[in-house]
*Asks:* 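This is the structure, below, for whatever I ask next.
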Amino acid sequence: MSRPLSKVAPQWWDYTTLDQEIIDDAAKLTEKTLFQLSRPGFQVHYHETLEDFYLAEALEYIEAWRLATPDNPVGICGPIGPTEQLPLVARLVNALELNLRHAHFWGMDEWVGTDGAPVGMDHPLSFYKADYELCFSKIDEKLRMPLENIHFPSGDLAAYTRSFDEIRCLTMQGGQGDTKHWAFNDPVRRDGKYQDAPPSPEEYRQLAARVTELHPITILQNARTSGGGYVANVPQFACTVGPVETWKCDRVSIWQAGTHDNPFGMRLSAWMIAKKIVDSAVPMSLLADHPNVHFHYYRPAIKTVAAEMH
């Protein structure tokens with residue numbers, strides 16, 4: 001029996017093409033049963049306040065960077081979305097007088113313009129620009145990491161991939177998008193050899209840093225969250241870290257404050273990871289096979305999956 005067409009983008013794969021039983025089971029999760037999904041290799045954490053949520057996220061940067069030495073460089077891979085932790089990171093570095101000379105940072109992704117090249121810092125949605133303005137520019141000059149220690153998938157992608165072998169990435173952080181992605185690991189188009197089924201989990205896991213076409217849901221989401229709804233300003237392609245680099249990181253840490261996905265989506269990926277239901281139409285579900293995954297929730301954002309007329 002063929003899988004259903006997507007309800008939102010029929011030419012693409014996404015979570016609406018899943019078996020209805022998986023969708024229904026995820027929707028039924030309560031705040032209590034969501035928390036109980038923790039298992040060895042997958043831990044669910046609740047934060048009662050946004051202050052605690054973003055401080056805990058910022059402290060993962062400090063945890064990684066404090067381990068860095070000349071003989072053992074260490075870093076963290078971080079997202080744009082959320083970004084509220086970034087000024088806190090800078091403040092902590094300055095307060096602790098933490099010298100970042102041997103610390104490293106990987107940006108997860110960057111937009112690609114119509115010319116096929118990654119956008120520069122003059123683009124209003126540039127992720128490098130956001131990281132620099134919200135974090136690195138706020139760190140005292142004497143403490144800042146060298147520019148060569150900041151890695152983005154926007155130049156030599158093979159070198160970007162190699163850097164995860166050369167430098168220990170303690171934590172890969174991320175948010176969760178509406179397509180249930182981390183970074184821009186989106187579901188693929190429903191055409192060619194993927195007409196009847198999305199890539200197998202094993203095939204999708206082989207994807208390294210690359211230029212990828214964005215799912216229409218992702219384009220709409222970024223217009224909503226970062227561009228005031230101005231869809232025309234959101235590029236159709238982006239460079240992204242891939243599963244290959246993700247599996248080189250000691251830990252994957254996903255932060256969900258209710259801004260970038262909804263109550264159903266925050267349940268679905270956790271349900272699939274906890275139950276080891278792996279399907280590349282829900283890219284986040286692939287993390288079921290990573291040995292050390294943590295989901296952090298701002299508890300009041302979990303809410304319920306129920307009909308509400310407004």
*Asks:* Are any side-chain N or O atoms of Asp140 and backbone N or O atoms of Lys142, one a donor and one an acceptor, separated by less than 3.5 Å?
*Replies:*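 Flag not set: sc Asp140 to bb Lys142 has no pair under 3.5 Å.
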*Asks:* Going by side-chain heavy atoms closer than 4.5 Å, which hydrophobic residues are tied to Leu67, directly or by a chain of links?
*Replies:*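 Traced through the cluster, Leu67 reaches Val74, Leu170.
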*Asks:* Counting distance only, does the side-chain N/O of Asn94 pair as donor-acceptor with the main-chain N or O of Lys138 below 3.5 Å?
*Replies:*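 Answer holds: yes.
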*Asks:* By side chain to side chain donor-acceptor pair (under 3.5 Å), which residues pair with Arg168, not counting sequence neighbours?
*Replies:*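 Here the qualifying residues are Asp250.
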*Asks:* With heavy-atom distances below 4.5 Å as the criterion, would you say the side chains of Asp289 and Trp247 are in contact?
*Replies:*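 Counting from C-beta outward, Asp289 and Trp247 do come under 4.5 Å.
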*Asks:* Closer than 3.5 angstrom, by distance alone: can the side chain of Asp52 be matched with the main-chain N or O of Thr49 as a donor-acceptor pair?
*Replies:*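 No.
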*Asks:* So does Leu55 get a backbone contact from the side chain of His47, meaning a donor-acceptor N/O pair under 3.5 Å?
*Replies:*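 No: the side chain of His47 does not pair with the backbone of Leu55.
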*Asks:* Taking only residues two or more places apart in sequence, or in another chain, which ones meet Phe136 in a ring-ring contact (aromatic ring centres under 6.0 Å, His included)?
*Replies:*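 Counting only residues at least two positions away or on another chain, Phe136 forms a ring-ring contact (aromatic ring centres under 6.0 Å, His included) with Phe105.
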*Asks:* Quick one: ring-ring contact (aromatic ring centres under 6.0 Å, His included) partners of Trp13, sequence neighbours excluded?
*Replies:*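 Once residues adjacent in sequence are excluded, Trp13 has no partner under the ring-ring contact (aromatic ring centres under 6.0 Å, His included) criterion.
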*Asks:* Given side chain to side chain contact (heavy atoms under 4.5 Å, CB included), test Arg101 with Met145 step by step and report yes or no.
*Replies:* CA-CA 5 Å; Arg101 182 180 310 164; Met145 67 177 60; over 6 Å; no
*Asks:* Answer whether the closest heavy-atom distance between the side chains of Thr33 and Gln36 falls below 4.5 Å.
*Replies:*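 Yes; the side chains approach each other to less than 4.5 Å.
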*Asks:* Could you check whether any side-chain N or O of Asn185 sits under 3.5 Å from a backbone N or O of Val241, counting only pairs where one atom can act as donor and the other as acceptor?
*Replies:*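 Flag set: sc Asn185 to bb Val241 pair under 3.5 Å.
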*Asks:* Provide the full list of side-chain hydrogen bond (donor to acceptor under 3.5 Å, both in side chains) pairs with a residue in residues 102-119, sequence neighbours left out, each pair given once.
*Replies:*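 Those involving residues 102-119 are His104-His151, Trp106-Ser163, Glu110-Ser126.
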*Asks:* On a heavy-atom basis, which atom in Leu50 and which in Ala257 lie closest, and how many Å separate them?
*Replies:*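 Looking at all heavy atoms of both residues, the closest pair is CD2-CB, 4.2 Å.
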*Asks:* Quick one: list whatever passes ring-ring contact (aromatic ring centres under 6.0 Å, His included) with Phe42, sequence neighbours left out.
*Replies:*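 Scan of Phe42 (ring-ring contact (aromatic ring centres under 6.0 Å, His included), adjacent residues dropped) gives Phe295.
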*Asks:* Donor-acceptor pair, Arg267 side chain versus Ile302 backbone, under 3.5 Å?
*Replies:*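 It does hold such a pair.
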*Asks:* With sequence neighbours left out, what residues match Arg66 under side chain to side chain contact (heavy atoms under 4.5 Å, CB included)?
*Replies:*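 Here the qualifying residues are Ile62, Leu98.
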*Asks:* Measuring only between side-chain heavy atoms, which start at C-beta, is Asn222 closer than 4.5 Å to Phe184?
*Replies:*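 The answer is yes, as the side chains (C-beta and beyond) meet within the 4.5 Å cut-off.
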*Asks:* If only side-chain N and O atoms count, and only distance matters, is there a donor-acceptor pair under 3.5 Å linking Arg144 with Asn149?
*Replies:*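 No.
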*Asks:* Checking side-chain polar atoms at under 3.5 Å, does Asp186 have a donor or acceptor matched by the opposite partner on Thr179?
*Replies:*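 Their side chains do contain a donor-acceptor pair, which is all the 3.5 Å distance test asks for.
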*Asks:* Looking only at heavy atoms, what is the nearest atom pair of Ala64 and Gly75, with distance?
*Replies:*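 Looking at all heavy atoms of both residues, the closest pair is CB-O, 3.8 Å.
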*Asks:* Could you walk me through whether Ile254 and His296 pass the side chain to side chain contact (heavy atoms under 4.5 Å, CB included) test, one step at a time?
*Replies:* CA-CA 6 Å; Ile254 306 298; His296 293 261; over 6 Å; no
*Asks:* Less than 4.5 Å apart, any side-chain heavy atom of Gln20 and any of Pro4?
*Replies:*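 Gln20 does not reach Pro4 side chain to side chain.
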*Asks:* Could you tell me whether Arg39 atom CZ has more than 12 heavy atoms of other residues or ligands within 6.0 Å of it?
*Replies:*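 Yes - once you tally the heavy atoms of other residues, nucleotides and ligands closer than 6.0 Å, there are more than 12.
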*Asks:* Can we call the ring centroids of Phe127 and Phe152 under 6.0 Å apart?
*Replies:*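 No, they do not, as the ring centres are separated by 6.0 Å or more.
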*Asks:* Val231 and Leu220: side chain to side chain contact (heavy atoms under 4.5 Å, CB included), yes or no, with the steps?
*Replies:* CA-CA 6 Å; Val231 176; Leu220 290 171; 3.9 Å; yes
*Asks:* Tyr194 and Val211: same hydrophobic cluster, using ILVMFWY side-chain contacts below 4.5 Å?
*Replies:*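 In one cluster with Tyr194: Val211, no.
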*Asks:* Tell me if a side-chain donor or acceptor on Gln221 pairs with a main-chain N or O of His260 at a distance below 3.5 Å.
*Replies:*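 Checking the backbone N and O of His260 against the side chain of Gln221, a donor-acceptor pair under 3.5 Å is found.
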*Asks:* Is any side-chain heavy atom of Ile22 closer than 4.5 Å to a side-chain heavy atom of Tyr15?
*Replies:*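 No, their side chains stay 4.5 Å or more apart.
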*Asks:* Any idea which heavy atoms bring Ala301 and Met266 closest together, and the distance?
*Replies:*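 Nearest heavy atoms, Ala301 then Met266: O-CE, 3.2 Å.
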*Asks:* Is there a side-chain contact between Tyr61 and Gln173 in this structure, where contact means two heavy atoms from C-beta onward sitting under 4.5 Å apart?
*Replies:*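 Tyr61 reaches Gln173 side chain to side chain.
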*Asks:* Per the ring-ring contact (aromatic ring centres under 6.0 Å, His included) rule, what does the pair list look like for residues 213-232, sequence neighbours excluded?
*Replies:*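 Sorted pair list: Trp12-His215.
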*Asks:* Is Tyr160 reachable from Leu147 through a run of hydrophobic residues whose side-chain heavy atoms are each under 4.5 Å from the next?
*Replies:*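 No, no single cluster joins them.
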*Asks:* Under the salt bridge (Lys or Arg N to Asp or Glu O under 4.0 Å) test, which residues partner Asp261, sequence neighbours left out?
*Replies:*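 Asp261 satisfies salt bridge (Lys or Arg N to Asp or Glu O under 4.0 Å) with Lys180 only.
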*Asks:* Considering the options Tyr46, Trp255, Tyr297, which one meets the ring-ring contact (aromatic ring centres under 6.0 Å, His included) requirement together with Phe53?
*Replies:*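 For Phe53, the ring-ring contact (aromatic ring centres under 6.0 Å, His included) check succeeds only for Trp255.
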*Asks:* Which pairs would a plain distance check flag for residues 269-278, meaning a side-chain donor or acceptor within less than 3.5 Å of a matching protein atom at least two apart in sequence or in another chain?
*Replies:*
| residue | atom | partner | partner atom | Å |
| --- | --- | --- | --- | --- |
| Ser269 | OG | Gln176 | OE1 | 2.5 |
| Ser269 | OG | Gln176 | NE2 | 3.3 |

*Asks:* Less than 3.5 Å apart, any donor N or O on the side chain of Thr171 or Glu63 sitting next to an acceptor on the other?
*Replies:*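 Checked: Thr171/Glu63 side chains show no N/O donor-acceptor pair below 3.5 Å.
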*Asks:* Do Ser280 and Ser200 make a side-chain contact, defined as non-hydrogen atoms from C-beta onward lying under 4.5 Å apart?
*Replies:*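 No, every pair of side-chain atoms sits at 4.5 Å or beyond.
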*Asks:* Treating Arg190 as the side-chain partner and Gln195 as the backbone partner, does any N or O pair qualify as donor plus acceptor under 3.5 Å?
*Replies:*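 Present.
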*Asks:* Would you please say whether a donor-acceptor pair under 3.5 Å links the side chains of Glu245 and Thr161?
*Replies:*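 Per modelled atom types, Glu245 and Thr161 side chains form a pair under 3.5 Å.
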*Asks:* Taking all non-hydrogen atoms of both residues into account, name the closest pair between Val44 and Ser38 and its distance.
*Replies:*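 Distance-wise, the nearest heavy atoms are N-OG, 2.8 Å.
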*Asks:* Assess whether atom CD of Glu97 is packed by more than 12 heavy atoms of other residues, nucleotides or ligands within 6.0 Å.
*Replies:*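 No.
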*Asks:* Is it the case that one hydrophobic cluster holds both Leu134 and Ile139, taking links as side-chain heavy atoms less than 4.5 Å apart, direct or via other members?
*Replies:*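 Yes.
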*Asks:* Residues two or more places apart in sequence or in another chain: which of them pass side chain to side chain contact (heavy atoms under 4.5 Å, CB included) with Thr69?
*Replies:*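 Per chain and number, Thr69 pairs via side chain to side chain contact (heavy atoms under 4.5 Å, CB included) with Asp71, Asn72.
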*Asks:* Is there a path from Leu214 to Leu125 through hydrophobic residues (I, L, V, M, F, W, Y) whose side chains come within less than 4.5 Å of each other?
*Replies:*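 Linked within one cluster.
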*Asks:* Begin with the C-alpha distance, continue with both residues' side-chain angles, and end with the deciding distance and a verdict on side chain to side chain contact (heavy atoms under 4.5 Å, CB included) for Asn262 and Val305.
*Replies:* CA-CA 9 Å; Asn262 51 52; Val305 180; over 6 Å; no
*Asks:* Taking side chain to side chain donor-acceptor pair (under 3.5 Å) as the test, write out the residues that go with Asn292, two or more places apart.
*Replies:*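 Listed in chain order: His294.
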*Asks:* Is there a path of hydrophobic side-chain contacts, each under 4.5 Å between heavy atoms of I, L, V, M, F, W or Y residues, that connects Val8 with Ile219?
*Replies:*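 No: no chain of side-chain contacts under 4.5 Å links Val8 to Ile219.
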*Asks:* Could you check whether Lys193 pairs with Glu203 (Lys NZ or Arg NE/NH1/NH2 to Asp/Glu carboxylate O, under 4.0 Å)?
*Replies:*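 Between Glu203 and Lys193 there is a salt bridge, with a charged N closer than 4.0 Å to a carboxylate O.
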*Asks:* Would you check if the side chain of Thr16 reaches a backbone N or O of Lys7 as a donor-acceptor pair within less than 3.5 Å?
*Replies:*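 Between the backbone of Lys7 and the side chain of Thr16 there is a qualifying donor-acceptor contact (under 3.5 Å).
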*Asks:* Ignoring hydrogens and geometry, is there a side-chain-to-backbone donor-acceptor pair from Ser6 to Asp14 under 3.5 Å?
*Replies:*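 The answer is no, because no donor-acceptor pair under 3.5 Å joins these two groups.
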*Asks:* Below 4.5 Å, heavy atoms only, C-beta onward: do Arg251 and Ile76 meet side chain to side chain?
*Replies:*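 SC-SC contact between Arg251 and Ile76 ruled out.
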